[in-house]
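Every chain is numbered from 1 and lettered A, B, ... according to where its sequence line falls, protein lines coming before strand lines. No hydrogens, no waters, no symmetry mates; every other heavy atom, side chains included, goes into these values. Note that this is a predicted model, so its numbers are computed, not measured.
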Amino acid sequence: MTTAPPLDPYVFGWDPTPGIVSVWADRDGRALVWRREGERVVCERDRYRPWIFATTLADLAHLGPALAVEGASGGPGDGAASASHGSAAGSGSTAGSGSARAATITYRELDGSPTDYRFVVSAPTSRALERAIQDGAARRPGSGAAKERRREGYHRVGPVEQYLMGTGRTYFRGLVYDDLHRLQFDLETTSLDPARGRIFLVAVRDSRGLATTIEAPRPGDERRLIAELCALVRARDPDVVENHNLFGFDLPFLEARAAQLGVPLLLGRTGAPPLLGRYPEPPPDARRRRRTVRYTVAGRELIDTLEAVRRHDFVARDLPGHGLKDVARHFGIASPERTYVAGAEVYRTYLEQPDIVRRYALDDVAEVDGLSRRLLGAPFALAGMAPRRYEQLASAGPAMGILEPMLVRAYLHAGAALPYGAARGEEDLEGHAGGAVHLFATGVAEHVVKVDIASMYPSLMRAYKIGPACDSLGALLHIVSQLTTLRLGHKDALRTAPPGSLERGHHDAMQAAMKLLINSAYGYMAAGSMALFADRRAADEVTRRGREVLSQVVEALRARGMALLEADTDGVFFAAPLDWTEARERALVADVASELPDGIRLEYEGRYRAMLSHEVKNYALLTYDGTLIVRGVALRSSRSEPFGERFLRRALGATLIGDVPALQRAFRETVQALTERSLPAADVATRVRLTKTPEAYLAARGEHREAAYEALLAAGRDDWAPGERVRCYRANGANGANGKGYVWLPDENDEPSADATGSERSQDDRRDYDVDHYVRALVTSYAGRLRKAFAPEDFAQLFRTDRQGGLFDRPVEEIAPLWVRCAATTTLVATRPAPGDESPGSFMTKSPSGTGLEDANGHGQPLRKPSRESPKSFE
DNA sequence: GCCAACCGGGG
DNA sequence: GTGTACGGTTGGC
């Protein structure tokens, strides 16, 4: 597709073999490589020598002459660990010349200090290698189980990783996402539990035009359904199999039913172990482990879009939930004609109107395809860099799961020893100081600007050359630098690529993948003893520089008379003078940016009409187009009663525009609605998730009663399942203690429809809630979140519920929020732009008093808090 | 306030 | 046998 730059071996590996779509390696040194050539896929057999990094050869001394230096006996000397170039990758030669030396264990000494992983030891099979080490470790004096000792001093990676690291190959060279043959299947079952239900339908589609269902209307058909599903997968021969919650539902269910019916799950690619494998194996003790189970099959990559969604939301935090339907709607993937059927209704619907369920299930797999396109581009791109399987990269953590294998590959390739115990002694270091967090003022500010330091930690690493001291190759810094440069190229290409084009998708995926790695480099150094190349001192140096730069930005803004609100790690909120335009704000930011060290970029992230600053990381923002954004737990209510949520949003909106009469109206109307019971009970009910079984609750009930369970019992329900969500509310005249007087409010429908409003019809008649209780909750839990916005006496007056006009009340029109304003007398003096600065103009500010915000705030409450650690996320 | 248990998501 | 390591929230002490 686009021009391929020469491969940077640290970033991409070095072997140019194109089109690899799957790799399977076993512990006997066999590797199977499937390569896509257009519409066909070829399977190539290869061999590799299983290897391991070792700090010592002591455990192998007992081998005597059976232990040899790699290549010492002449011959090609191409143990897989040697950096064999080219696509031959040890095939043929190792196998051919191997028989005489097949039993031989060989080693290669690497450059490094005596305490490092200074040897790569390899053998014809993993078994032989591990056996030899085990035997040696058993002879070694010392306490502890031999198994423990076998681990100490060695660094192991999985078979596929060994193969990819040894050869320098990666997946997907020369391919774009749409070249992959992806297949989605989705089971429809009569129950969530395979012990109590069965599969009655499966929808299957793929990226080559397939869209069908396989059905088993009668229980006796299920065996055939499973066999047909497997046969269809094998016939279509996809590279990738996908579904939402594939590992959590479809595969476990399929596995259980296939076992029950005695059908083998033949899903693998021809020429390889055909069966679906599961790992880790279920522990023998049948204790119900709810652990993440994963599956794998030779020749195909199994992708669970739920994992991709979780990963996306970890950064974006913008999803309403992680369910397929929610997410598809959120990304605009759901078609307008989408058929929805509530989970519990699916089978019943199928019996009556099978077409509806067919459409529903086919819509499901179509949405999975859409999600895959949307979310798996970055993992696809990563698979072209890191020496791991695509399916692993789709869920691996970016630091330990991706960066570290890249580093290990670099060291193996360079013949350099891996550092051992790099993190030792770090326990003595003083507590790790992270990013700085400051709260400068609480109250309400207008004309708020957010600036942030772009990719702060990686930029600092580059600017000050801060990498792990133990990284003798400088590989981490090299990778960060390369990726930063390459990413800019992809971002440029992205801008010029036609919208919706393949090319655009490619560049976007590449830049996203690179960003992920760049941003994880700092976290990797700070990862502690788990990471081979951990370096707390280096990580501390990065955060120290970060605090330095942040305070430089803060002081620069302060000196220019801006009203500081809060600063967190790499970003600052401040209020600009009320008469400023966006251009002026941007000019100010550019001016501050110009003073920062080389390689550190300050960005104008956005502007807001107003902000309520409550606590560090707890604030509400009002955008210029009227959207309310609430951040932080302190401003959200944990109670989540609908009436309170509605009030809070209204109240925040009014407060942010300084409309105190509107705020008062919102409050009074809510109080009135409660008092007059014009709100239905559903509006005051809270949703609780049950965690205890009926037995467990009844046993503990003597000491401790809980509202939700009491509500169920009072309603005559003595059976429920943990995990069920129930609504309940406090009823009129209840004494409330220990859950007495709570009433269960059954859900009237389970529809996943987007219909969020007007869904309370059937509950309209219930009004017997405890008015006093909910009025109190309104004041303390909801209105209380506005406390920082007003002076105490104003707050008290606004949210008094006795309805008596206070004797000393001020007219509400005179009450104002505690404004946080910047120095009113700030004047601007235009200056000449700095040479080479294309920005339209920079400004210097002159603040006559030279003060910061403290004495400039009318009412705002300036304060300072000590720095605290903060999580790091960038851009 | 801290730690352990639990949930998510799927029909 | 493709190890160790999901991460955020809740609730119990």
Side-chain angles (χ1 to χ4, degrees), chain A residues 23-27 50 126-127 130 147-148 150-151 156-164 186-194 196-203 243-254 257 273 277-283 288 290-298 304-307 309-311 313-314 317 319 321-327 341-350 357 360-361 364 368 388-389 391-392 395-397 399-401 404 527-531 633 636 638 688-692 696 700 703-704 706 708 722-725 750 752 871:
Chain A
V23 176
W24 185 260
D26 67 20
R27 306 186 326 154
S126 254
R127 261 173 260 281
E130 292 294 345
K147 204 174 176 180
E148 249 336 283
R150 195 174 66 84
R151 302 218 55 80
R156 295 170 168 84
V157 305
V160 172
E161 284 82 359
Q162 289 179 40
Y163 177 78
L164 292 174
D186 185 49
L187 303 184
E188 302 302 328
T189 65
T190 60
S191 160
L192 284 171
D193 179 357
R196 294 165 47 165
R198 62 183 181 87
I199 306 166
F200 66 88
L201 182 148
V202 52
N243 197 21
H244 203 67
N245 207 10
L246 182 70
F247 297 140
F249 179 73
D250 296 84
L251 288 179
F253 202 107
L254 184 63
R257 295 308 298 163
R278 167 203 262 255
Y279 61 95
E281 287 295 328
R288 281 234 296 151
R290 207 72 179 116
R291 277 246 135 257
T292 334
V293 176
R294 313 197 76 248
Y295 292 80
T296 192
V297 67
D304 188 339
T305 48
L306 174 60
E307 288 186 332
V309 164
R310 286 184 181 143
R311 168 181 284 202
D313 201 34
F314 182 69
R317 294 168 186 286
L319 293 177
H322 294 168
L324 177 64
K325 284 82 177 166
D326 285 345
V327 180
V341 182
E345 305 298 318
V346 171
Y347 184 53
R348 201 182 321 156
T349 308
Y350 178 70
V357 174
Y360 163 75
D364 267 8
V368 169
R388 301 196 72 190
R389 293 188 63 171
E391 66 177 24
Q392 303 277 344
S395 57
M400 299 296 288
E404 183 164 285
S529 59
M530 287 298 130
V633 284
R636 280 166 204 266
S638 57
V688 180
R689 168 162 246 106
L690 303 179
T691 57
K692 298 177 172 147
E703 296 107 61
H704 185 65
E706 293 175 60
E724 183 178 346
R725 251 193 284 244
D750 214 16

key: Pairwise P distance, dG11(B) and dG7(C) [rounded to whole Å]   = 25 Å
query = Which listed nucleotide (dG11(B), dG9(B), dA5(C)) is nearest to the side chain of Thr189(A)?
reply = dG11(B)
key: Met400(A) CE to dG3(C) C1', straight-line distance once rounded to whole Å   = 13 Å
task = Report which part of the nucleic acid Gly397(A) touches: base, sugar-phosphate, or nothing (heavy-atom distance under 4.0 Å, all strands).
result = nothing
request  = Look at all strands and tell whether Leu246(A) reaches a base, only sugar-phosphate, or nothing, counting heavy atoms closer than 4.0 Å.
outcome  = nothing
message = Classify Leu192(A) by what it touches in the nucleic acid, base, sugar-phosphate, or nothing, heavy-atom distance under 4.0 Å.
response = base
task = Mind calculating the distance between CG (Asp304(A)) and P (dG10(B)) to the nearest angstrom?
result = 10 Å
key: Between P of dA5(C) and CD of Gln392(A), the distance in whole Å   = 15 Å
key: Per Val160(A) side chain, nearest of listed nucleotides dG11(B), dG9(B), dT2(C)   = dT2(C)
ask   = So which nucleotide from dG10(B), dG1(C), dG11(B) ends up closest to the side chain of Asp364(A)?
value = dG11(B)
request  = Among the candidates dT2(C), dG9(B), dG11(B), find the nucleotide nearest to the side-chain atoms of Trp24(A).
outcome  = dT2(C)
inquiry  = Nearest to the Pro159(A) side chain among dA5(C), dG10(B), dG1(C), which nucleotide is it?
reply    = dG1(C)
query = What integer number of Å spans the P atoms of dA5(C) and dA5(B)?
reply = 15 Å
query = What integer distance in Å separates Leu251(A):CG from dG9(B):C1'?
reply = 14 Å
request  = Could you tell me whether Asp186(A) contacts a base, only the sugar-phosphate backbone, or nothing, with contacts defined as non-hydrogen atoms closer than 4.0 Å?
outcome  = sugar-phosphate
inquiry  = Just the rounded figure in Å: distance from P of dG10(B) to OH of Tyr347(A).
reply    = 22 Å
ask   = Which one, dG10(B), dG1(C), dG11(B), comes nearest to the side chain of Asn245(A)?
value = dG10(B)
query = So, for Phe200(A) and Val357(A), which heavy atoms are closest and what is the spacing to 0.1 Å?
reply = CE1-CG1, 4.2 Å
request  = Report the distance from atom CG of Asp193(A) to atom C1' of dG9(B), rounded to the nearest whole Å.
outcome  = 15 Å
task = Taking the side chain as every heavy atom from C-beta outward, state whether Val368(A) and Asp186(A) have any pair of such atoms under 4.5 Å apart.
result = no
ask   = Roughly how many Å is it from CG in Asp250(A) to C1' in dG10(B), rounded to a whole number?
value = 7 Å
ask   = Quick one: side chain to side chain donor-acceptor pair (under 3.5 Å) partners of Asp313(A), sequence neighbours excluded?
value = His322(A)
inquiry  = Assess the residue pair Lys325(A) and Asp364(A) against the criterion (salt bridge (Lys or Arg N to Asp or Glu O under 4.0 Å)); give the C-alpha distance rounded to whole Å, side-chain angles, the decisive distance to 0.1 Å, and a yes or no.
reply    = CA-CA 8 Å; Lys325(A) 284 82 177 166; Asp364(A) 267 8; 3.2 Å; yes
task = Report the residues that fulfil side chain to side chain donor-acceptor pair (under 3.5 Å) with Arg348(A), sequence neighbours left out, ordered by chain and then residue number.
result = Glu345(A)
